[in-house]
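Everything quoted here is computed from the prediction, not taken from an experiment. Any value given below was found using the heavy atoms of this structure, including those in side chains, with hydrogens, waters and symmetry copies removed. Heads up: numbering here begins at 1 and tracks the sequence.
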Amino acid sequence: MLIGVPLETVAGEKRVATVPEVVEKLIKLGFQVAVQSGAGDAANCSDDAYRAAGAEVIPDAAGLWGRADIVFKVRPPSAEEVALLREGGMLIGFVWPAQNPELMQQLAAKRATVLAIDALPRQLSRAQKMDALTSQAGVSGYRAVIEAANAFGRFFNGQITAAGKVPPAKVFIAGAGVAGLAAIGTAANLGAIVRANDTRAEVADQVVSLGGEFVKVDFEEEGSGGGGYAKVMSEGFQKAQREMYAKQAREVDIIITTALIPGKPAPKLITAEMVATMKPGSVIVDMAAEQGGNCELTVPGQAVVRHGVTIVGYTDLASRLAKQSSTLYSNNLLRLTEELCKTKDGTVNVNFEDDAIRGLTVIKEGEVTWPAPPPKLPAAPPKPKADAAAPAAKAKGHGHGTAEPMSAKTLAIVFAVGAVLFWFVGSYAPASFLQHFTVFVLACFVGYMVVWNVTPSLHTPLMSVTNAISSIIAIGALVQVAPPLDAAGAADRPNTMILVCAVVALVLTAINMFGGFAVTRRMLDMFRK
């Protein structure tokens with residue numbers, strides 16, 4: 001089968017559906033690949049690079065669409081492109097079936113099979129490799145910060161120079177999905193003070209891990225809508241959210257909005273009144289501009305100035321990093337093709353038993369199959385049956401996992417047994433053994449008390465155990481190197497062999513302890529800015 005990659009016709013679109021590096025992998029799967037001349041020029045993928053990778057370069061769109069069995073695209077096809085599609089052909093790319101009902105009817109009339117990459121059931125873990133929405137959103141989030149920095153009149157990071165002090169920029173990001181998290185990481189790496197908010201409470205830890213501060217709305221409501229998206233919130237939550245946004249607008253220098261709900265217009269988060277309260281020279285980057293925008297004053301596709309605030313409403317953020325976004329997108333399509341062609345013989349099988357493929361397929365051989373039924377998620381593991389005797393045992397303080405202190409009677413018995421054992425050893429063992437045995441017992445006790453109870457957050461659990469053992473060895477070796485004085489003030493010096501062994505033990509223990517802490521610190525430094 002022949003995979004065709006046409007030139008994108010939407011104004012300003014620079015991406016291409018397949019890059020030369022992926023062409024080679026598609027050919028290994030048994031496919032032939034044809035690319036329209038100039039399709040990759042804007043993404044720095046020349047016709048010669050495609051030829052070198054094994055693709056055929058076709059000069060015009062009609063020739064490519066007419067020959068291709070499968071068409072890879074980025075943007076939804078226009079009516080003219082649908083007319084060029086082969087009868088019964090296959091189309092893979094962004095389609096947005098909910099927003100394009102007329103396009104769906106046109107494709108169905110062609111008896112086409114259409115796989116909409118935007119309809120992928122993202123809640124399936126195995127579908128992540130095909131998730132083009134995530135890959136493109138990450139690029140857009142990064143680019144949004146770059147556009148904000150370009151429109152902002154200062155540094156992002158704070159500086160103190162001979163010419164004066166520059167405060168760090170304050171950035172607020174509304175929505176901490178994939179694009180929002182990418183923006184948080186980029187802004188934090190540039191040195192800005194980053195704050196973020198999202199209706200989904202579970203993303204708070206992700207915001208903090210990227211160097212941001214999670215700003216919570218003073219209203220309790222869960223905002224997860226499933227599939228990685230947020231849901232429409234109640235009026236009470238929205239009112240509290242607007243109050244929080246108004247406060248942030250007065251304080252920050254840059255606002256980046258990312259809020260989108262599938263199949264619905266972008267929610268209005270930033271009102272004209274909020275824009276008027278922002279400091280002159282501030283910047284708003286509205287990543288939802290293509291769906292109407294999160295700011296009331298956004299003009300899709302343009303950067304405008306209102307009340308002294310620059311409002312960036314570009315709808316082609318991913319396209320502005322065409323090479324990177326094209327590479328990621330083409331890898332997503334490659335992984336999808338691998339799922340469609342598991343036999344690696346250049347033929348595809350649209351298997352509706354596969355939840356990921358079923359969710360992607362919006363039209364099959366002219367029959368509209370969208371929306372797909374909810375995917376069959378794996379059942380939650382059954383909870384283990386509790387032992388009927390466990391509650392009673394726990395009630396008495398003897399259940400497993402209880403942390404209740406030992407009773408006085410039990411403690412007295414333990415000490416009594418220990419005293420008897422110690423007396424027995426002292427009565428029959430030689431004096432030299434008793435001395436070493438005493439050192440061993442004291443080393444165990446001191447080592448346990450000194451190191452074992454150190455807070456685990458200061459080092460790894462493995463280090464806790466090894467340092468406890470090392471401390472026991474270190475204390476025993478120190479006693480052998482410098483034995484206690486007798487009543488006459490003389491020390492009973494150990495023989496040379498014992499002394500050498502004690503010194504070697506001290507050296508090896510010191511290497512183990514200090515080396516372990518050094519390794520642990522290097523591990524922790526990997527997570528520090």
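Note that the OG1 atom of Thr257 and the CG atom of Leu269 stand 6.5 Å from one another [nearest 0.5 Å]. One distance of note links CG of Leu107 with CG of Leu103; it measures 4.5 Å at 0.5 Å rounding. Rounding to the nearest 0.5 Å gives a distance of 8.5 Å between OG of Ser330 and NZ of Lys25.
Between Glu367 and Lys364 there is no salt bridge, since no side-chain N of the basic residue sits under 4.0 Å from a carboxylate O of the acidic one. A salt bridge is defined here as a Lys NZ or Arg NE, NH1 or NH2 lying under 4.0 Å from an Asp or Glu carboxylate O, and Arg126 with Glu339 meets this definition. Under the 4.0 Å criterion applied to side-chain N and carboxylate O atoms, Lys247 and Glu243 are not assigned as salt-bridge partners.
With sequence neighbours excluded, no residue forms a side chain to side chain donor-acceptor pair (under 3.5 Å) with Thr277. Listed by chain and residue number, Arg75 satisfy the salt bridge (Lys or Arg N to Asp or Glu O under 4.0 Å) test with Glu290 (two or more places apart in sequence, or in another chain). Judged as a side chain to side chain donor-acceptor pair (under 3.5 Å), and not counting sequence neighbours, Gln36 has no contacts. For the side chain to side chain donor-acceptor pair (under 3.5 Å) test, residues two or more places apart in sequence or in another chain that qualify with Lys279 are Asp253. Qualifying side chain to side chain contact (heavy atoms under 4.5 Å, CB included) partners for Glu21, counting only residues two or more places apart in sequence or in other chains: Val19, Lys323. Listed by chain and number, the residues in a salt bridge (Lys or Arg N to Asp or Glu O under 4.0 Å) with Arg358 amount to none (sequence neighbours excluded). For Arg242, the side chain to side chain contact (heavy atoms under 4.5 Å, CB included) partners are Glu235, Gln238, Lys239, Met274, not counting sequence neighbours. Glu24 pairs by the side chain to side chain donor-acceptor pair (under 3.5 Å) definition with nothing, not counting sequence neighbours.
Residues in residues 189-219 take part in no ring pair (Phe, Tyr, Trp, His ring centres under 6.0 Å) pair, two or more places apart or across chains. Identified under the side-chain hydrogen bond (donor to acceptor under 3.5 Å, both in side chains) test for residues 306-318, with sequence neighbours left out: Asp316-Arg320. Counting only residues at least two apart or on different chains, the ring pair (Phe, Tyr, Trp, His ring centres under 6.0 Å) pairs with a member in residues 163-183 are Phe172-Tyr245.
By the 6.0 Å contact criterion, CD on Gln99 is enclosed, its count of non-hydrogen atoms from other residues, nucleotides or ligands being greater than 12. Atom CZ of Phe155 has 12 or fewer heavy atoms from other residues, nucleotides or ligands within 6.0 Å. Within a 6.0 Å sphere centred on CZ of Phe31, other residues, nucleotides and ligands contribute more than 12 heavy atoms.
Exactly one of Val215, Ile270, Ile255 qualifies for a side-chain contact (heavy atoms from CB on, under 4.5 Å) with Gln248. That residue is Val215. Test Val217, Val207, Ile173, Val203 against Asp198 for side-chain contact (heavy atoms from CB on, under 4.5 Å) and you get one pass: Val203.
When atom types are taken as modelled, the side chain of Lys216 and the backbone of Ala201 share no donor-acceptor pair closer than 3.5 angstrom.
Proximity of the aromatic rings of Phe94 and Tyr329 is defined here by a centroid distance below 6.0 angstrom, and this criterion is met.
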Acceptor/donor pairs from residues 83-90 side chains to any protein atom, 3.5 angstrom cut, sequence neighbours excluded:
| residue | atom | partner | partner atom | Å |
| --- | --- | --- | --- | --- |
| Arg86 | NH1 | Arg67 | O | 3.3 |
| Arg86 | NH1 | Asp69 | OD1 | 2.7 |

